[in-house]
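Worksheet: the structure to be examined is printed underneath.
All chains are named by letter (A, B, ...) in the order of the sequence lines, taking the proteins before the strands, and each is independently numbered beginning at 1.
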Protein chains: 4
Amino acid sequence: MPKVSEAHRHNRRRQILDAAIECFARHGLQRTSMEDIIRESRLSAGAIYLYFQGKDQIIERLADERHYREKQLIQQGLAQQDWTKSFGHLVRNFYVSLENPAEQKERRLGIHLWAEALCNPKVLRLIRRGLDQPRELLSQAIAEAQADGRLRKDIDSIAAARILIAMFHGLILQRAWDDRTDIECFVKAAQAMTDSYFSISSGGRG
Amino acid sequence: MPKVSEAHRHNRRRQILDAAIECFARHGLQRTSMEDIIRESRLSAGAIYLYFQGKDQIIERLADERHYREKQLIQQGLAQQDWTKSFGHLVRNFYVSLENPAEQKERRLGIHLWAEALCNPKVLRLIRRGLDQPRELLSQAIAEAQADGRLRKDIDSIAAARILIAMFHGLILQRAWDDRTDIECFVKAAQAMTDSYFSISSGGRG
Amino acid sequence: MPKVSEAHRHNRRRQILDAAIECFARHGLQRTSMEDIIRESRLSAGAIYLYFQGKDQIIERLADERHYREKQLIQQGLAQQDWTKSFGHLVRNFYVSLENPAEQKERRLGIHLWAEALCNPKVLRLIRRGLDQPRELLSQAIAEAQADGRLRKDIDSIAAARILIAMFHGLILQRAWDDRTDIECFVKAAQAMTDSYFSISSGGRG
Amino acid sequence: MPKVSEAHRHNRRRQILDAAIECFARHGLQRTSMEDIIRESRLSAGAIYLYFQGKDQIIERLADERHYREKQLIQQGLAQQDWTKSFGHLVRNFYVSLENPAEQKERRLGIHLWAEALCNPKVLRLIRRGLDQPRELLSQAIAEAQADGRLRKDIDSIAAARILIAMFHGLILQRAWDDRTDIECFVKAAQAMTDSYFSISSGGRG
DNA sequence: AATGAATGAGGCTTCATTCAT
DNA sequence: TATGAATGAAGCCTCATTCAT
């Protein structure tokens, strides 16, 4: 039976995870030592191990956290009735998030996790899970719009969802490599592209 | 006078780099030890250091190599007269490459390098350089097509190039995380999207 | 707040330095591996690095320690009123120290440091500093005795101090190379030489 | 049967030994790698091993060479009839040699060999042998002068020889640590000291 | 005789994790 | 619960020496 409250345990975990995010985003997963996380969290080596089994578990926990944020962004975006507005919101949310420094930090961490997933089955599973749900949400929204006659029908809704996500991920990369990358400009062009793509009339010609 | 030919030296370097690609792609940059590369290359520890200054230099050399392949794919694709065909080729080349197992291996390595770039200035510079040229090639091709009246003109050619690259990178990620990802399907939808985007007639309505 | 006392930290440092002295004296600075020091100190590899930055720092610390002992020997020797007695004490202290096994070990280490100083600027600085103070103490004592009329005056007190130190160092070498070297005999002759050198009456003839 | 002349072999050995002297004097015995000697000698790795069994043998050969020079200096010095002149010559030769840059290089090497002798039995034997002969020459000269009534007799000639050598060695050290050390000044004082020491009249008072 | 690429044991150091307090 | 000193396996790299040419 724990002597401290669950709230305390939660705060400690948060403290550790935040320190890890900071370090991982800055130096990468492998280049960050437990020592770094210990220092950043202002806790002791032993304390970390009271709350996490080890470095890998911290990484996994962070990988797991990532997709809450993604899902949230997408759900907020898709909460609109009209598809065009809906998608506009989605892109807008995404855009705003990329300009936010705290978010940028997490995006950098996200990229490290993308690479980690390639050789860490647990992280891979979490990344996949974090990808599946957004893709489902998007493709369902697209399919619904198609069913309602709001979008051209000759498009594979899943492939379309993949494309949107790919564009998101691709922009995250370009932005991470060069923070002068003009997101506004990218987003405007992306919206134009998706508009022309999804609109019924152009569908007639596809 | 050198005891062995320059060709021999080149082969040795290749041998080491290929071993490194194999290891890095499988286990990531940091999880791969020099011991791994030594074993995979079937050379001795000392021999590696006759050809490279250390692990970092091997990573940098591989990061440098990456963009030759990218440029090659894009140049081959853009070598067509007609923009639509040209872009079709580009996408086709890219698609074929992703189905190639050897290429898949390098794409995995590429993702590790993307993450490495975030905390390794030398790799970042190489990644950027490898990104700049393809973007230039693409945006120039787009601008030329616009000037010739083959494409709608209300699109920022650089942003459009960024979007195409982002889609490429995003697909690489999805494919790396799940090799059942249907590239054919993705590519067909992407072509439809870009066609509708760039085509003059839809431009009139955009 | 530190978990262990400062005394504990000091003891650990001492433990490591003593192990290093043992190894360095026996096998030389470069031939002694960290592995050797680790084994001799009965600590673990990691523990050493909690107390010293590396092998070089251990060497530097030992070079720094040396001159405390030298200064101590000289100050004890010069604490007498009468120059002749004073110098006699000095030589006696020195002589006794050379017969002490623990001191012999440190003298061997000292010789290794003399060589190290030739290609290690930090050690050189420490050796010089360790040499300057004894020379100053000696030359001042000599100069004072000259001013008081107790010693002939036509001698450069600094050169005289250098000579005394040179004799000391030279004897340390001969003793290190052959522990059958008769120190008693050497010291007696050295005292006779310095007596005849410094004494007023002989000064009249010099 | 060798294909090249003995002279050629001798030259090659000299070439290697000179390169080794250069490197050892500059960086010490252990910090000098065979690679360094190879580069300095402008020969190949394999060539070195045609002429020496390995690094240790080069060191030993150099330790062996040292005492020829010492003996030469002493014999030249002692070749005089008159003891005082004789000793003056000895000191003078020694002094001149210390101002010679080439000699300084060898003196630095010598110091490294002094340390090496402490943990290398072969070098120790050579150093001892190189020390024994000069000491014998000196003590014999002193004893002869004593027998002839030219020097006071109440001095152990061996101890006196040891003292002279100790002073030499000690000056070599001080000069190696600080090349601004005034040798002229030291030598003058040393001559004064030995004069007053050895002279008959002062002997009456000793 | 000469070359220099290759070997592989061994050196220094880091770091995830544990455990006595 | 909390601490942080301690552990020791494992990482990167060097270097004396060998051997095919």
Quiz item: Hey, are B/Arg14 and B/Glu65 close enough for a salt bridge, meaning a charged N less than 4.0 Å from a carboxylate O?
Solution: yes
Quiz item: Between D/Arg125 and D/Glu60, is there a salt bridge with N-O shorter than 4.0 Å?
Solution: no
Quiz item: In whole Å, what is the span from the CG atom of A/Leu50 to the P atom of E/dT17?
Solution: 14 Å
Practice problem: Nearest whole angstrom, please: distance from the C1' of E/dT14 to the CE of B/Met34. | Solution: 17 Å
Just N and O in the side chain of [X]: are any of them under 4.0 Å from OP1 or OP2 of [N]?
| X | N | answer |
| --- | --- | --- |
| A/Arg12 | F/dT1 | no |
| C/His8 | E/dT21 | no |
| D/Tyr49 | F/dC19 | no |
| B/Arg31 | F/dG11 | no |

Self-check item: Whether D/Lys55 side chain and D/Leu29 backbone form a donor-acceptor pair below 3.5 Å
Solution: yes
Quiz prompt | Nearest-nucleotide 5' precedence on DNA chain F, C/Ile48 against D/Ile38 | solution = C/Ile48
Exercise. Assign each of B/Ser33 and D/Gln30 to its nearest nucleotide of DNA chain F by heavy atoms, then name whichever residue's nucleotide is nearer the 5' end.
Key: B/Ser33
Taking any heavy-atom pair under 4.0 Å as a contact, classify [X]: base, sugar-phosphate, or nothing.
| X | answer |
| --- | --- |
| B/Arg42 | nothing |
| A/Gly54 | sugar-phosphate |
| B/Tyr51 | sugar-phosphate |

Self-check item: Spacing of C/Arg61 atom CZ and C/Asp56 atom CG [to the nearest 0.5 Å]
Solution: 15.0 Å
